[in-house]
Amino acid sequence: MARCVQSVQEFIQDSFVPMVAVLCSEEAERVTRKNNLNFAELLRPFCRLTSEGHIRDPNNQVQTVKNLRICVNKLVASQNTTSAVLGPTQRQLLSEVVLSCQPQDGAVTNMITVGGYQLNFNGKGCLLIFVFVFLATTPWFEAYRENFLQSMPASDHEFLNYFLACLLVVSSTEAVPVEQFLKLSQEQHRVQHSGEYTNPKWFIPNTLKYYVLLHDMSEGNEHRADTVYEDMKQRYGPQGCYLLKINSRTLSTGEDEQIPDPWSQYLHRNNLHNQVSSLAFSTSNNHFVNILLDTASSSGSLNNLSTVNKSLVGGAGSHGICLTLNDHDHIRQFIQEFTFRGLLPHIEKNIRQLNDQLVSRKGLSRSLFTATKKWFGGGKGPEKSINEPKSTCGLLYPPEAPELQIRKMADLCFLIQHYELAYSCYHTAKKDFLSDQAMLYAAGALEMAAVAAFLQGGAPRPYPAHYMDTAIQTYRDVCKNMVLAERCALLSAEILKSQGKYSEAASLLIKMTSEDSDLRSALLLEQAAHCFINMRNPMVRKFAFHMILAGHRFSKAGQRRHALRCYCQAMQVYKERGWSLAEDHINFTIGRQSFTLHQPENAVIAFREILANDSRQTATQQGAFLREYLYVYKNVTGGNEVSLPQLPLPCIHSSATRVYFGHERRLAEGEKQAATHVSLDQEYDQDLAAMWRHLEEQLVAAANRGLVPGNFQPTQSCLNSHTDNLRHPFAVVEEPIIVEVTFRNPLKVSLALSNLSLLWKFSVEGASLSEEMSEGLSGKALTNEDVAQKDDIVSTETILEFYMGPEETKVARLRLLPHRTGQLNIVGVVYNLAGPLPGELTPSTEGTVDTCYMDFILFIGQQMMDMMVVHGKQDLRIQGPRLNQTKEDKMLIRHGPDRRLEPIITPPMPLMEVFFLQFPTALLCGEVRKAYVEFCNVSSVPLCGLRVASTHPDFFTFGSQATTPLTPVSPASSENCSAYKILATPHQLGSVTSEILVSPEDFNQPSGVIEIPIDGCTLQPGESTQLPLWLRGPDQEGVHEINFLFYYESTEKGIKISHRVLRHKVFICASRSLSVQASVCHSSIPPPNCGLDDKDCSGALVFIDVENINTSDAAVREFLIVQVSSSSQNWCLHKCINPAKDKDCKLTSRERAKLCFRATRCKPHTVERYTFADLNLGNEQIVSSSTPCGDFFFRCCQNSQRVNVVSSSCKSQGSLSTENTVSDITNIVKKCNELDLNIIVIWKAYVIEDNKQLILEGQLHVALQAIGKEASSLTPKQEATEMVLLKFKSELPPPAILPTVELSQLIKTNLQYPETYSHPFVQESLCVVPVTLTLSNCSLAHVDVIIDLRHKSVSPVFLEVHTSFTWVGQTQYKLQLKPQEMLSLTLQACFLKPGVYNLNTLRVFAKPADQDAMCETSQQIASPALIIINNA
């Protein structure tokens, strides 16, 4: 239960106090009415004794009476009989008492923390700490309990509510006061003994009469009063009378002295009694006056009782206006005198008399006494017939019955706090009552025995809770007296609570709930809920559940404020715990109760909670919730809202809000294809964002002399939750801002939104306004929340209708157009919300609906929607990313700002649009196609510094100004024109190449950024230009994503936005074309016109293998090899030595051709230049050194160099421990096979498309890096780099591995001899043939050479051959060749018989001359040299 102001002992003592009646004369009433009080009310604040009293028990033991309070009530007689239930008047009184006691607004609340509660939340068990804020005390329950106990009618089975004494009050101004005392005494005797009145009841026949002479100090004669009082003491004794002097205060002293008013806290409840009594008089014919009881204080005000008896209540401080503090002391002293000298001795006397009567009967046995009562009736009242059961509660004892005498003695002892003797008497009476089956009396004895046992100080006897349970069950089930059962339950619950037995107390209170009294059930359920929360292990959910039950019963009892409070307290448990249905019920009830109590703001909040949360209610129920919310909302605002309120529907995913700056992308116009740029339809990709940032950094670095500024920020045209939103974005004046807001309808009914627009605030820069406007708006943020639109500053687009289906998620794109520079803050959205139609129809598949009926429904629905449309807003609050930089950020939960909705409006900037013409979507690998690009400046500001960067710079080129051929002006005039620069040249067999020297600076863009060549380098406003664009298909087949980033600047410098970019993304599908594989080897025959002493006179043979690998595209008929070109700084193609000179090089599907060319070294150049050599295989010569052939060649070279750098850097990480010996030898021989010759194969393809033959062109590149290594035009697949294990222990260096492949190619050999030689062996047996051996040093170092002509083979076959052939003369030579030197030796071969012989049996060894510690390496021998020896 809730904490009470009083302890349980104080509560019980104040519940059962001695009752004293007051009977006043009319003159005495007049004297007390000067203070707006009657005599009983005058005494009420002073009825608690401040000092201890003493009394002797029958054993002559002194008992101390502490903190005793007496109850003084006006004597009012009535003829009503005692009832087992409360009457309507009493019920109304209790209801008014509870209603008048409400928690005060702004009162200090108690914070109760309930921890260690295990709760299964969202399917996972977690330990949660609940903090509930509610009032720990319930004064309305205490007021109800106290009024209930004091208003209980006196019962026949107990004497606790009986009057013990009567105060007879007479004024000293009476003519004969003694006669008035006699009249009052006779009146009291008549009421008690005449039998005409059933109420009030008197404790003993000889009631104590105490005579009080009331003297008014302001008007009476004090001497006469003293004289009368002396006469009274002679008549009634000094212990039976008292002179009370009051009204000592005069009007003159009353103005200066402030006297406290102790009566106000008592009289508020008294006024309720008076009003209820007056209501009873008006609605009842019988004569009934309710006894005015002494009640406790309560805070609050009674809202529904507007008429208060001003004569009784008066203003604040109007009670006791004629009394001084001395008068207060006189009244307090009077109460003590009456109690100590009159009441307590009277009670002591009666206890002794009752005890003597009981003791005199102890000699009789219980059986004999029972038999006497049985035969002689025992003086009982009318017995029940024999056929009636005696277990009923209708058995009554006469007043002189010994059982009642025991009970009377027990009650007297209980009232004076002699609990031990009281318990003994209750226990004895209980046995007698049970033996007689007088269940009502027995239940009363059990109840009071349990209370007396509990109140015994220091007694070892435990609290007999089973006594209380039996008493409650008997009252409720046997006697059908819910009033007594309720009193018993209230007492027992308080006792159990004081002992910490909250579970037993809660069970007891719950059992007492019933349908006969909603108020009682509500109060008891609320207290049971408090018991659950105060347990050692708090039962939080039971607390909330019973608070809901209490709120429901409060609502049925008409206590709406208490019902609202109970639901609000229970909501603290159910809120955000996943119990959506319970939350909906509670919020709905809170909303209705708040609206009924004229708290529409709270009602709106409650209904908004229902709609804002995800509900599992049915569609019908949700529609009802929505209509109720709209109705309440309309009543709150009434169309006169000062500021727009927050609407709960639809839900807004603020974090999913996206903001786009600029115009939306224009769609294609005819053949023009617009740049894709950025749009809200594109999904954000982090890898793509990093790629665009890298491209933009390249462009910015190229525009700033290779350096990226420190304050560089990448351009973000579309902001979302994944972008960097820590800084204010920039928007351009007169360019739209599009905000995409994601709405979600959580309900199963549709929503209709109208007039949807953005809500913004704008801080205007002073420089952008006129003087009149700037003076009026300086330092003030403008907003469009008011009715007046600010279109001259920011134009706001409005969506007139926005319909959302059930549980639909839908986005709305809202636009703003700023017209001034400054700071714009987008704060939310504003709209009109309408609920579903009551007869909202769902699509039916069974049949069609009548059109007239539909029109009628829509008409009615439209009328209702107009009435139920509300106007409001929702804020866009976006939480920034969590900070995780500092230690405090990691320990706490902090979030950075998100400024995507706070753009800074800047002055006008250039705006460019890009269109592509004849841009293909599919190309063959290596195919070259010409397209056109159109650049348009659609702004009012000129632009310059146009550049472009791409992820595939080898895919396109704008050409170089020095080598760009004459191209058609427009795309229409370029039909059937070649993309290459062509020279008409007749094809001649065996013709040599035409060579052109080209500087790479004419083509290369070192940074990868291409400057777009436009006239004047500036594009004026409204101006556009078209430029040709050459494209080359990727070398790998498949779909390729190619990204372009165009960069441009404003001609005005020093502005906030330094540059702007435009994105474009294309997808190119590349199909197979040709596969080119090339290899090169040293030529054994020196080129023509080359002497032996010419060191630079060396040649090589280039073999090119071309295959048609296009098998998937049936439209491609055949490929034609048009030309083979070379580009290198050291080598060039010389001539074609292909044997098939009379055939065209045409290849159909899966055909292959092999071409052979002779290559020679170029003459050295002082400046780095590339030699382009063209060998045309037809009648036209394509200038490979011009655009686009040269551009794509250099682009491919740059791309391959980047790949080689990356691969070499990866490999170098694993070879850091290579020995210096190996590196030195490699450096010596690395140029033995170095070639660096690039082959360009230009082809044409014949394609059939739409019954027309088209000619496609293209080029493939093959880079020959070294002699003997094969190269291909197809890019090899990159393999994953093998992981290198870390080595933590130093190991011995591995042995040096010599580059044997390179060392075996230092020297090239060539044998010159006649192929056929005839010799007459009959005449001369030996045939000697001269043979010339040519040695070539392929390295750039001096080489030691050893030539060995001896046969070293041991094979029998070779021995047989070699026996017929041998070298004669010098058989071993040791020579030294200079770098790239050629040397010839004359050898002699001797043959013994005719036959075919292989002369290539010599062995050549070589090593670098400066490597003394190195052994000679055997050199590679050329192919077999066969000679035919004939017999002449």
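Of the possible donor and acceptor atoms, one in the side chain of Q1259 sits under 3.5 Å from a partner among the backbone N and O of C1189. In this structure, the side chain of Q1419 engages the main chain of T1417 through a donor-acceptor pair within 3.5 Å. A donor-acceptor pair under 3.5 Å links the side-chain atoms of N1110 to the main chain of R1072, judged by distance alone. Checking side-chain atoms of T1160 against main-chain N and O of H1134 turns up no donor-acceptor pair under 3.5 Å. Using a distance-only test at 3.5 Å, with no hydrogens or angles considered, a donor-acceptor pair links the side chain of S1273 to the main chain of V1076. In this structure, the side chain of Y1313 engages the main chain of L1426 through a donor-acceptor pair within 3.5 Å. The backbone N or O of T957 sits nowhere less than 3.5 Å from a side-chain atom of D1191 that would complete a donor-acceptor pair. The main-chain N or O of S950 is never found under 3.5 Å from a side-chain atom of N1043 such that the two would form a donor-acceptor pair.
In Q1253, the CD atom is crowded: over 12 heavy atoms of neighbouring residues, nucleotides or ligands sit closer than 6.0 Å.
In terms of the salt bridge (Lys or Arg N to Asp or Glu O under 4.0 Å) criterion, residue partners of D1105 (sequence neighbours excluded) are, by chain and number, R1152. The ring pair (Phe, Tyr, Trp, His ring centres under 6.0 Å) search around H1040 returns none, not counting sequence neighbours. By the ring pair (Phe, Tyr, Trp, His ring centres under 6.0 Å) test, F955 is found to be paired with no residue, residues two or more places apart in sequence or in another chain being considered.
Considering every non-hydrogen atom in both L1311 and L1399, the closest pair reads CD1-O, 3.8 Å. Across all non-hydrogen atoms, the minimal contact from S1125 to I1242 is OG-CD1, 4.5 Å.
The aromatic rings of F1193 and F1172 lie perpendicular to each other, with more than 60° between the two planes, well past the 30° mark. Under the 30°/60° scheme for interplanar angles, the aromatic rings of Y1317 and H1319 are found to lie parallel.
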Apply side chain to side chain contact (heavy atoms under 4.5 Å, CB included) to the pair I1427 and V1329, showing each step before the final yes or no. CA-CA 10 Å; I1427 185 173; V1329 178; 4.2 Å; yes

Verdict with reasoning, V1404 to S1418, per side chain to side chain contact (heavy atoms under 4.5 Å, CB included): CA-CA 6 Å; V1404 180; S1418 177; over 6 Å; no

Report the C-alpha separation of I996 and T1171 in whole Å, then their side-chain angles, then the decisive distance to 0.1 Å, and conclude whether the side chain to side chain contact (heavy atoms under 4.5 Å, CB included) test is met. CA-CA 6 Å; I996 300 177; T1171 300; over 6 Å; no

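There is no side-chain donor-acceptor pair under 3.5 Å between N1310 and T1334. S1128 and N1130 share no side-chain donor-acceptor pair at under 3.5 Å. Counting only N and O atoms by type, the side chains of Q1376 and D1344 include a donor and acceptor under 3.5 Å apart. Checked by atom type, the side-chain pair S1184/D1174 shows a donor-acceptor distance below 3.5 Å.
Ion pairing of E1107 with R1150 is present here, as a side-chain N (NZ or NE/NH1/NH2) and a carboxylate O approach within less than 4.0 Å. No salt bridge links E927 with K1244; every basic N to acidic carboxylate O contact stays at or beyond 4.0 Å.
The six-membered or imidazole ring of Y1170 lies near that of F1194, with a centre-to-centre distance under 6.0 Å.
S1126 places none of its side-chain heavy atoms less than 4.5 Å from the side chain of I1240.
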